[in-house]
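What follows is a set of notes on a single structure, which appears directly below.
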Amino acid sequence: MGAFGQRLAHVRPQALGLALLLADAEELPRDLRRDHRRARPAALAIAVKGAPTVVISGEALEDLSPLGPALNGEGAPYAVIHDAHRTLGVLRRFGLEVQRFGCTLTAATLLAEGADGQRDDRELAPLVQDHLGQELTDGLRQGLVPSALERTITPIAAARAELLVPLIRRLVPLLRERRLATIFELECNLIPAVLAMENAGFALDARALQRLVDAWRLERKTAEEPKRISRLDKLISTLGYWPRDYVELDGRIRCRLHPLATDSGRFSCQSPNLQQVPAEHTAPGVRGCFVAPPGRRLVIADYAQIELRVAAHIARCRTLRQVFVDGRDVHRATAAGLARKPEEEVTDRERKLAKAINFGFLFGMGARRFREYAANSYGLELDLRAAEAARDAFFTTFPGIAAWHGKVGALSQRARSEDVTVHTILGRRRRFPAGTFSFNSALNIPVQGTAAEGFKLAMIDLHRELQAIDGQGVLVIHDEYIAEVPEERAEEARGIVQRTMEAAMARVIPSVPIVAEAHIAGSWAEK
DNA sequence: ATGGTAGATAGC
DNA sequence: GAATGCTATCTACCAT
């Protein structure tokens, strides 16, 4: 309990709420989750089966007494809501009774987001001054951009978070009972690392990005090839306004990271979505605009074939596991199985095909779909027979994977008439209500989710380890971690990042060796 | 004018 | 028996 209290001292209330929300995400309507994400800092939700649904917000931190009855299980589900109109609408749609709402943080949110002209509830502004004080209104007058404003709000509200400790105390036994305590604790521990990452932002050479955008606009005028035109349009429309709208006065770009918004446990990212910045092969130069400032370096790290390794563990596939235990090349191993020859004799083309096979068939892709996939992603033309042969070879090479597919496939019978739930290693759940089962999701979510959990454990450790050497994570992209570190300690940091990532994931995936690769760079584009 | 969705395309 | 999955954001389109 004391541990929770300490953590909460660092916690932005909306983030805490999301953690609570996640504790049983499967029980909460997806729309509501999305609404929280968009509206933050707005309402928070706690949903635990068998307990009342509680939605609270910053204001509730000042006055917890109304929560008593709800937490005691007396009375109706209780809600205190700030993002008045939209959140109320969502809650009512789901039949949640709303007994009270306030507007302190809503006002802050509205003003923060109003900077881009999206909001019109300006009459709430005076309340901000009453409740959040001079610091915030000064920030507004100085024309702070929205994300900076939000960071101004955060410490003020977080200072009151300790009041939530009694609430947590009641929640924990319920979480234990549902075997959600582990994942809950993980998400709570993660929050400071995520907040620090959001606050740090990524240094961006905005002028260089602007030059790229200008070049695309110029090319667009004379481009003829439809494919090229649509790509240019996409790039211009998504990246064109980043330099103006997202780069802050300190020359850094900041996104919102959401550890709790997805079914799988991966992060989502928005405003802007830095998790889909075009790679070099799509739009050369873009990642090169994401840089380390003078005196600093980037450490860029990612896990090697993490999904295959996690799948080997979950499926208990001995042959796939053995590939990694031996330190062999997994794509080469598949190619050898397909071509019926030793791994040393595999050609480049065979290995490329094997790579497509490994990623495609692992999560239940069919031969027909695989043809498209191989053609689009790898430039490999196959007829249906070849695709089927590839599929057979994959399952013959890794019989444990075939058995795992069989086991999951067997669930689909039962799933027609009853709920089916799949789990990650640490206990995150995805429930499929009767009739909604998806074979592919049931394969994918435990693997993707378990990988995400190992990565989140790593992020917690990385946050601490990097702090000690004046380093700071700046972005995560599913299996990739980017940190900014002092130039003179870059090599040391590289080792720390690599070892920390490997060790944390290994705690979740004990039966398969984990490999992370890390390098030092001046920009995101450097290999 | 605003709101919701489909499809395409970007990431992993 | 067959079945990749998880996202965000843009444009186009249709409905209110």
Side-chain angles (χ1 to χ4, degrees), chain A residues 25 30-31 33-34 37-38 86 89 118 120 226-242 245-246 255-283 286-287 290 302-308 310-311 356-374 376-377 384 387-388 391 394-395 401 404-406 408-413 415 422 424 428 430 432 437-452 455 475-482 524:
Chain A
R30 195 185 179 85
D31 282 18
R33 272 187 278 162
R34 288 184 168 274
R37 194 191 52 202
R38 291 207 189 94
R86 185 170 45 197
Q118 301 294 307
D120 56 6
K227 198 101 175 117
R228 182 66 185 161
I229 288 175
S230 75
R231 172 157 291 175
L232 286 169
D233 282 345
K234 180 71 177 172
L235 287 169
I236 292 164
S237 61
T238 39
L239 300 175
Y241 299 96
W242 285 18
D245 289 355
Y246 284 123
C255 62
R256 290 175 162 194
L257 288 166
H258 307 283
L260 305 162
T262 66
D263 281 356
S264 61
R266 276 187 171 187
F267 282 83
S268 77
C269 176
Q270 61 167 184
S271 309
N273 186 350
L274 295 185
Q275 290 187 330
Q276 55 185 175
V277 173
E280 285 300 279
H281 59 84
T282 305
V286 179
R287 292 196 173 193
F290 290 76
D302 66 344
Y303 287 106
Q305 307 98 27
I306 191 59
E307 291 194 338
L308 285 164
V310 172
I357 289 171
N358 284 337
F359 290 130
F361 293 130
L362 182 63
F363 297 122
M365 192 183 285
R368 281 174 53 186
R369 180 72 189 271
F370 179 74
R371 285 187 62 202
E372 289 174 48
Y373 170 68
N376 294 338
S377 302
L384 193 57
E388 281 165 351
R391 193 163 185 270
F394 177 74
F395 288 126
I401 298 294
W404 169 53
H405 283 204
V408 174
L411 292 176
S412 61
Q413 308 301 321
V422 297
T424 60
R428 188 184 308 270
R430 168 66 155 92
F432 297 94
F437 186 75
S438 156
F439 171 70
N440 306 92
S441 302
L443 291 174
N444 183 277
I445 285 179
V447 173
Q448 213 178 78
T450 299
F455 194 23
L475 192 62
V476 286
I477 313 100
H478 307 310
D479 67 346
E480 179 178 0
Y481 187 90
I482 306 178
W524 195 0

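Order of the sequence lines fixes the chain letters, A, B, ..., with proteins taken first and strands second; residue numbering starts at 1 for each chain. Only a predicted model underlies this, so the values are computations on that prediction, with no experimental measurement involved.
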Ignoring backbone atoms, test whether [X] places a side-chain nitrogen or oxygen under 4.0 Å from the OP1 or OP2 oxygen of [N].
X	N	result
R369(A)	dT4(C)	yes
T282(A)	dG11(B)	yes
N444(A)	dC6(C)	no
S237(A)	dT9(C)	no
R287(A)	dG11(B)	no

[X] has a side chain; which of [options] sits nearest to it?
X	options	result
E480(A)	dC6(C), dC12(B), dA8(C)	dC12(B)
Q413(A)	dT4(C), dG1(C), dC6(C)	dG1(C)
S438(A)	dT4(C), dG11(B), dG5(C)	dG5(C)
R266(A)	dC12(B), dA10(B), dT9(C)	dC12(B)
N440(A)	dT9(C), dT4(C), dA10(B)	dT4(C)

State which residue, out of I445(A), I306(A), V310(A), fulfils the side chain to side chain contact (heavy atoms under 4.5 Å, CB included) condition with T450(A).
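Among I445(A), I306(A), V310(A), the one that satisfies the side chain to side chain contact (heavy atoms under 4.5 Å, CB included) with T450(A) is V310(A).
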Option from F290(A), W524(A), Y481(A) for which side chain to side chain contact (heavy atoms under 4.5 Å, CB included) with L475(A) holds:
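For L475(A), the side chain to side chain contact (heavy atoms under 4.5 Å, CB included) check succeeds only for W524(A).
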Rounded distance (Å) that lies between atom [atom2] of [N] and atom [atom1] of [X]:
X	N	atom1	atom2	answer
L362(A)	dT4(C)	CG	C1'	9 Å
F395(A)	dA3(C)	CZ	C1'	11 Å
F361(A)	dA2(C)	CZ	P	12 Å
N376(A)	dA10(B)	CG	C1'	15 Å
Q275(A)	dT7(C)	CD	P	12 Å
E307(A)	dC6(C)	CD	C1'	9 Å
L235(A)	dA8(C)	CG	P	20 Å
H478(A)	dT7(C)	NE2	C1'	6 Å

Going by modelled atom types, is there a donor-acceptor pair between the base of dT11(C) and the side chain of K234(A) at under 3.5 Å?
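Absent.
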Measure the acute angle between the ring planes of F394(A) and F361(A), then classify it against the limits of 30° and 60° as parallel, tilted or perpendicular.
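Rings of F394(A) and F361(A): tilted, 30 to 60°.
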Describe, in one word, how the ring planes of W242(A) and Y246(A) are oriented to each other, choosing from parallel (under 30°), tilted (30 to 60°) and perpendicular (over 60°).
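If you compare the ring of W242(A) with that of Y246(A), the planes turn out perpendicular.
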Using only heavy-atom distances, determine whether the side chains of N376(A) and E372(A) contain a donor-acceptor pair under 3.5 Å.
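Side-chain D/A pair, N376(A) to E372(A): absent.
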Side chains of F363(A) and N440(A): does their closest heavy-atom pair fall under 4.5 Å?
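Not touching, per the 4.5 Å side-chain cut-off.
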Please work out if [X] contacts a base, only the sugar-phosphate, or nothing of the nucleic acid, heavy-atom cut-off 4.0 Å.
X	result
G364(A)	base
A279(A)	sugar-phosphate
V277(A)	sugar-phosphate

Take Y246(A) and F359(A), find for each the nucleotide of DNA chain C with the closest heavy atom, and name the residue whose nucleotide sits nearer the 5' end.
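Result: F359(A).
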Between A367(A) and D233(A), just flag the one whose closest nucleotide in DNA chain C comes earlier from the 5' side.
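Result: A367(A).
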Does the structure show F439(A) stacking with dA3(C), if we require the centres to be closer than 5.5 Å and the planes to be within less than 30 degrees of parallel?
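A stacking contact exists, since F439(A) sits close and nearly parallel to the base ring of dA3(C).
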